[in-house]
Structures are given as C-alpha cells and as structure tokens.
Protein chains: 2
Amino acid sequence: MTAGRTRRPGRGVSMADVARLAGVSSQTVSRVSTGHPSVVESTRRQVLAAMQQLGYRPNSAARALKRGEFRTLGVILFTLATTGNSRTVEAIAAYAASEGYAITLIPVAAPTQDGVLGAFSRLGELAVDGIIVIMEVHLLDAANLSLPPGVQVVVVDSDAGDRYPVVDTDQADGARQAVQHLLDLGHETVWHVTGPAESFASERRTQAWRRTLLEAGRTVPPVRRGDWSADSGYRAGLSLAAEPDCTAVFAANDQMALGVLRALHERGRPVPRDVSVVGFDDIPDSSSFIPPLTTVHQDFAEVGRRCVQGLLRQIRDEPAGPGTVLVPTRLVQRASTAAPRRSPG
Amino acid sequence: MTAGRTRRPGRGVSMADVARLAGVSSQTVSRVSTGHPSVVESTRRQVLAAMQQLGYRPNSAARALKRGEFRTLGVILFTLATTGNSRTVEAIAAYAASEGYAITLIPVAAPTQDGVLGAFSRLGELAVDGIIVIMEVHLLDAANLSLPPGVQVVVVDSDAGDRYPVVDTDQADGARQAVQHLLDLGHETVWHVTGPAESFASERRTQAWRRTLLEAGRTVPPVRRGDWSADSGYRAGLSLAAEPDCTAVFAANDQMALGVLRALHERGRPVPRDVSVVGFDDIPDSSSFIPPLTTVHQDFAEVGRRCVQGLLRQIRDEPAGPGTVLVPTRLVQRASTAAPRRSPG
DNA sequence: CGGCGTGATGTTAACGTAAACATCGGGGTG
DNA sequence: CACCCCGATGTTTACGTTAACATCACGCCG
C-alpha cells in the first residue's frame, strides 16, 4: 500500500492552505498564481515555496466558474483512423495549446443519427467554449440537432458555409491540379476512383475531376466508387486494369491509390509506363509506394490552425459570421505519373 | 450581423433563471437536472419546459467545483501521426465516453525536455482527474518532472511497471512470433530493421528478435536502425538488398516494412521469392502493400480500453498499484513471406 | 381528532478563485 | 512638514451548483 494518498473529493490543497502557510492572504496567492505584477519579490518567493511544499494545484473548475469560460475547445468527429482527421486534430490541439486552450475529444460512436445525437447530448454537459465539427453537416441536419446555445461552432469538410464558418482544403482545386497534370502529360482522359457518396470532400473532388475533363473537351469515363480504404481501391483497380483504354487514374485519396497500384501491378500493367496514377492527401507513406506516388498535398496543419483561429475569433466576439476558408493544395510529383506510351492520335 | 447573441462571460442561463421562470426554487431545478427522484411529475415538466425555453445548459465548472471531480481524463502524447497512437487515443476516447468521462488531449510540442516540461506545466492547470501518458517514462525522468499530486496516472509504451501501472502490447511475444514464423519457413536467420533507440517498444521488439534467434542457435545479423518512417525503412532496405545472404527481414513496424518492400523491388529482389518480409502493427494499408504484408497484429482498441479501466480503478480508489498489463498480439500471414528458394544446407 | 411520519419543495451554506474595493505605509512635492 | 498618491496587500463578495438541513402539507393511525 502506498503512503496514504488521500483522495476524498474536494480534498485538494486550496489557495487558503497556501496562504496560511505563507502567512499572506489568499488573494495574494491568487495574484502569484496568475502572475499579477503587483506582488513584491520576497512575498512571491514565499508563496511559491508554500505552493511547492503543499503541492498546490490551481482548481480549474473554480477558475472556470469565476471567469465564465473554460479555455477548452471540443472536437467532435467520427474517427481518428483517417490520416486527414488525425493530422487535423493534432494541428488543432497544437495551435489551441499555443493559445492557451485545451482540446476535448468527443468521439461519435457510429456515423448514424443515433451516434451523432448521443455525442451532441453529451456535448451539452461538456465544459467547452466552442466546438469544431469534423464531419458532414448533412448528418447534423438529418439528426435534427440543435447545437447547445451559446457555444460557437466551426465546421470542417462540409458545405455548410452559409450557416456556420467552414474551414476546408480546397478540394476542387486539388482535384483540378491532379487531372490537369495528367492531361498535360498527354493522356487522352483520366479515370477516377471516387470516395464514399456521403463524403462532401469526395463529391467535391469528383465534381472537379469531371469539370476539368469537360472543360478540356475530353470524354468522362464511368467512375469506380470506393470507401477510402486501400482494399476498395484495389477492387476499383482490378476493374480499371481491365479497361484497355485506361492510361491515367485519379484516386480520391492515397490509400485507394495504393490499392490501385497493387491491382495494376498484379494485372501486369506497369505504373507509370502503362498507366499513370495520382492520389490525394500526400500521406507520409505515399513517397514509399511502388512506385512513389504523385499526389495532391493537403496542408492539414493549416486547416487545424484556421479552425482554431476562426473559433477563437467567434468566442472573443469578433464576429466572423458564416463563410468558407479554403486552404490551398499543391501537386507533389513523384514517380507514378508519366506521358502515355503512345501519344494520342 | 446575427441577432445579438449576447456572449459576455458569465452571461449564461443559470439555474436561478430557470427557477424564476418555472416558479420553483433553484434547488428543484437542480434536482430535475440531476434526475433526483423526489420531484413530482407536473413540477418536472414545468422545469423542463423552462429549461428548453431559456436554452439552459448546466455549468460544468460549477458542477465540477461542487463535486470535486471533473469527469475528464488527460491523454499526454507526442503525436497522433503514428497509427498506434491515434488508434489508441480513439479507443481511449470511446471507452472513456461510455464510462461518462471526456478526454482532454495534451500534445507535447516536441519530444524534448522543454516540450515535455511545457506540457506538464500546462497539465497542472488542467481539469483532469487522471492522466494517460503515451510515451517513454524515462523522458519524464530526464525532464525531472513531478506529476501533479492527487492525479492518477497510467502509462503506455514504457517499462515503468514498478512505478506506475502500465498497459502495453506484448511487444516481445509479437516479435518472437514474427521471427519464429520466418525460421519455421526455413530461413537460416532473420535480419532486422529496428525503430528509434529511444522507443521502448522498438527496443523490446529488437531484444525479442535477438533472443529468438539465439535460442534457435542462429547467427544474429547487424541491425539497421530506422525512425519508424517508410523512408528510413527504404534506406535500410537498400542496405539489406546489398546483402546476398539476406532472405528474411523483420521490420519493427509496417511503415518501415513498406520502405523495405520498395527498396527490394527497386533492387530486383522479388518478395517473397527472394526475400521474405514481416512487419509489425497490421495497419489497414498493409494488406494492400505489394505484396500484401505478413505482419503482427496489435489490438489498439484493447490497449485503450485497459488504460481507461486501470485509470478509473485508481480514481475510484480501488488500488491497483503498479504492474503491467500485456495485450496479446497475433501474426497475420499474407503474401510477403515464403520459404527461401534453396533450403539451407 | 390530534400527532406524526412521509414526500415534495424551499433555504442555507460551501466548493476555490479572482474582481472590486478597502486599507496601509512610505516617498515625493509644494 | 503636511498632504497626496501609489504600490503592496487584505477583505468582501459573487460565480453556479448541490449537499444538508428546514419547512410544509397531507393523510394515516392510535
């Protein structure tokens, strides 16, 4: 048994305890604790010593109660399993920390109405000053949710720009760059592996792919639909490998591109000699695919930073209002794309 | 300008406001809010209506102050960028939520003493009842840290079993399975790409690799050191490709295995015909590597669950004490391993 | 028919902190 | 030398909630 760490609730060391030991008032302890200037150096040292000795830890509940704010942001999302989400959350946490805010994670059990409802009902009880929603807003609508009043919101990966501030990667321009790159290399057209239908990001990429082809006067081949996973990309890739005309593929994310690469490899269609492949995201692994993947780089750190900035602006009553912030992308050229073997006639 | 959402701090709707509107005392509102039984149905309905009308949201700071607990757990880690960390955090968040606890993320800016110190000084101010540390404890020691008193701790990925409760994947057994699998296939010995020296998980895997070889009476080839990234695996792989005797490689994680696969491919050493490769983690993409990777599956969900369980046990004063919980692994056989081309003489 | 228990509701106080105001002492200025 | 101002510190109070205790009405039992 470890030496009795008493842990009855409310048994913490309070300012009053520190004040008693240091022989000052608790207000002076408060001033030391918050770094108020008008405390004489000798007093400050005395108080700090007393804090150290007693193991004083400021009670943030009391602090929050007094200040009327929690200095905490909630992040509500379905999963951390996708590169984009985990990287975005990491950036959010880092930038929020630099602004003195902590991050509370609110996972949604399942991407269903019940799951979302559950998360939002828990939300009502949470100590947050604002919320960043990383998911499709139409799921919010479907669940007929009302966000807790008095809580500010910023949304990622959505088209809700008219109701909430939205921060997102410039999906459309990224997809355009990918397709244009393939066309510039001389490919007649570009085939596409799309993501799940309910994903806004996926839809945007697909729209931009189609528009870019149409504007260039090319035919628009039928899409293969995946679910972001490498496995689904593999299945799509098998189907594409069977299309003799297919010389260029734009996959809506790097993982599906990985699956496409494997399918083409297994079917004896060398990349990029026979078929060129472009992905989206630029996950760290993509430079080690076989061959290293040409892909659209997303700046997740910037997305996270902008989210927090926008949210803090709202919290501080600098009205930003609805509107969309688009974070630019850039094409990273590696070894998975090349000119087609025979120039189109 | 949106219809004046007044947001002066402390301007929230309080129980007193609800009580006034409902024509009851605030204590009755409190009882309704906490689900206390002795409120008559008609009163309850009145109060609920008033809450709805005013958009009442309980102030969790006040609640926490009164109760002496926050119902929040802190998770301190370096990065969410590794599969293991993000999956573990996700599991922690999910299980904690099911127990009525929220998760606060505490990112460490950099894996340096300063970074860790910064995180822990912030920690002192955070509203958490317990902490899950996902990193090497010797980094804590190096930084000469004292954890805030009265806060319970559980550690992942560490050897601090004698000071804190530890939950971790059974690294040693996973590595043993990987090596044994290759030996069973008939390989004379197994080469190894290790992770960064400061990682406990990496060291454990390497130790087990060496021990398994020695116990089988095999020679122990020199290790290649990587940093978990696919790029570092690629560099290691180039070096291994130059070893004519090398027929089997155990990479300490899947990402480095990916790099090894690419290096071997580029150097014309087909996998698994020429060289067999085993990874560690079983990330979702590994089944789409070229070829699909044989690897050691980690149960991150279970790790997360056990962490929370252990921490809550401590918080609830059911002393568990230091000790290590090991979560088992299992080998997933795919297409990157096979018997060596010529049986060893 | 009076007392008393029971269940519903109201009143009081306290959780730990920090803003606002009060006090106290010393040094500069007219 | 008296006065005033300012910086350091102390005192009071309120933040919103809930445990503990107080009160009140009602109905049952002796």
Side-chain angles (χ1 to χ4, degrees), chain A residues 7-48 50-51 54-71 124-127 129 148-150, chain B residues 7-48 50-51 54-71 124-127 129 148-150:
Chain A
R7 273 284 302 166
R8 314 282 172 284
R11 250 335 189 56
V13 179
S14 77
M15 281 189 169
D17 302 322
V18 176
R20 208 169 304 123
L21 178 61
V24 298
S25 77
S26 57
Q27 182 55 30
T28 300
V29 177
S30 167
R31 283 192 262 256
V32 170
S33 171
T34 54
H36 192 96
S38 66
V39 179
V40 108
E41 187 53 29
S42 62
T43 310
R44 174 188 307 279
R45 265 203 301 271
Q46 239 172 338
V47 170
L48 287 174
M51 284 178 169
L54 269 57
Y56 170 72
R57 194 168 83 106
N59 181 317
S60 36
R63 207 168 252 191
L65 174 59
K66 193 77 183 83
R67 286 198 301 217
E69 56 171 19
F70 304 103
R71 302 208 145 253
E125 313 236 316
L126 279 178
D129 302 310
Chain B
R7 271 287 299 168
R8 316 280 173 286
R11 250 333 190 61
V13 179
S14 78
M15 281 188 168
D17 301 322
V18 176
R20 207 170 304 122
L21 178 60
V24 298
S25 77
S26 56
Q27 181 55 32
T28 299
V29 178
S30 167
R31 282 193 262 255
V32 170
S33 172
T34 53
H36 192 96
S38 66
V39 178
V40 109
E41 188 52 31
S42 62
T43 310
R44 174 187 308 277
R45 264 202 303 271
Q46 241 172 337
V47 171
L48 287 175
M51 283 178 170
L54 270 61
Y56 169 72
R57 193 168 83 105
N59 180 317
S60 34
R63 206 170 254 189
L65 174 58
K66 195 76 182 85
R67 286 197 303 218
E69 58 171 17
F70 304 102
R71 302 209 143 252
E125 314 235 316
L126 279 179
D129 302 311

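Every chain is numbered from 1, with letters handed out A, B, ... down the list of sequences. No hydrogens, no waters, no symmetry mates; every other heavy atom, side chains included, goes into these values.
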So which protein N/O to nucleotides 22-25 of chain C N/O distances come out below 3.5 Å?
none

> Can you name the side chain to side chain donor-acceptor pair (under 3.5 Å) partners of A/Ser30, sequence neighbours left out?
Replying inline: none

> Considering all heavy atoms of both residues, which atom of B/Ala50 and which atom of B/Ala22 are nearest to each other, and what is their separation?
Replying inline: CB-CB, 3.9 Å

>> Expressed as a whole number of angstroms, how long is the span from A/Arg67:CZ to C/dA19:P?
In response: 9 Å

> Of the residues in residues 17-38 of chain B, which ones touch DNA chain C at a heavy-atom distance under 4.0 Å?
Replying inline: B/Val24, B/Ser25, B/Gln27, B/Thr28, B/Arg31, B/Ser38

> Rounded to whole angstroms, how far apart are CD on A/Glu41 and C1' on D/dG7?
Replying inline: 15 Å

>> If the condition is salt bridge (charged side-chain N to carboxylate O under 4.0 Å, His left out), which residues does B/Arg44 pass it with, not counting sequence neighbours?
In response: B/Glu41

> Tell me, which pairs form a salt bridge (charged side-chain N to carboxylate O under 4.0 Å, His left out) where one or both residues lie in residues 21-30 of chain A, sequence neighbours left out?
Replying inline: none

> Hey, does B/Met51 have a side-chain heavy atom less than 4.5 Å from the side chain of B/Leu48?
Replying inline: yes

> Which heavy atom in B/Leu54 sits nearest to a heavy atom in B/Val13, and how many Å separate them?
Replying inline: O-CG2, 3.3 Å

> Can you list the residues that meet the side-chain contact (heavy atoms from CB on, under 4.5 Å) rule with B/Ala61, with sequence neighbours excluded?
Replying inline: A/Ala64, A/Leu65, A/Phe70, B/Asn59

> Just how far, in rounded Å, is C1' of C/dG16 from CE of A/Met51?
Replying inline: 13 Å

> For the side chain of B/Val40, counting heavy atoms from C-beta on, which of D/dA14, C/dA8, D/dG16 is nearest?
Replying inline: C/dA8

>> When the axes are fitted on five pairs at both termini, how much does the helix from C/dC1-D/dG30 to C/dG30-D/dC1 curve, in 10° steps?
In response: 60°

>> Nearest whole Å is fine: how far is D/dT17 C1' from A/Lys66 NZ?
In response: 15 Å

>> List the residues meeting side chain to side chain donor-acceptor pair (under 3.5 Å) with A/Ser38, not counting sequence neighbours, and say none if there are none.
In response: A/His36

>> Expressed as a whole number of angstroms, how long is the span from B/Met15:CE to D/dC15:C1'?
In response: 14 Å

> For A/Phe70 and C/dG16, what is the distance between atoms CZ and P respectively, to the nearest whole Å?
Replying inline: 18 Å

> Roughly how many Å is it from CG in B/Leu65 to P in C/dA18, rounded to a whole number?
Replying inline: 12 Å

>> Can you list everything that forms a side chain to side chain donor-acceptor pair (under 3.5 Å) with A/Arg31? Sequence neighbours excluded, please.
In response: none

> When the distance from CZ of A/Arg44 to C1' of D/dG7 is rounded to whole Å, what number comes out?
Replying inline: 14 Å

>> Can you list everything that forms a side chain to side chain donor-acceptor pair (under 3.5 Å) with B/Ser33? Sequence neighbours excluded, please.
In response: B/Arg63

>> If the condition is side-chain contact (heavy atoms from CB on, under 4.5 Å), which residues does B/Leu126 pass it with, not counting sequence neighbours?
In response: A/Ala102, B/Thr104, B/Ile106, B/Leu123, B/Val128

>> Taking 4.0 Å as the cut-off, does a side-chain nitrogen or oxygen of A/Arg63 come that near to OP1 or OP2 on C/dA18?
In response: yes

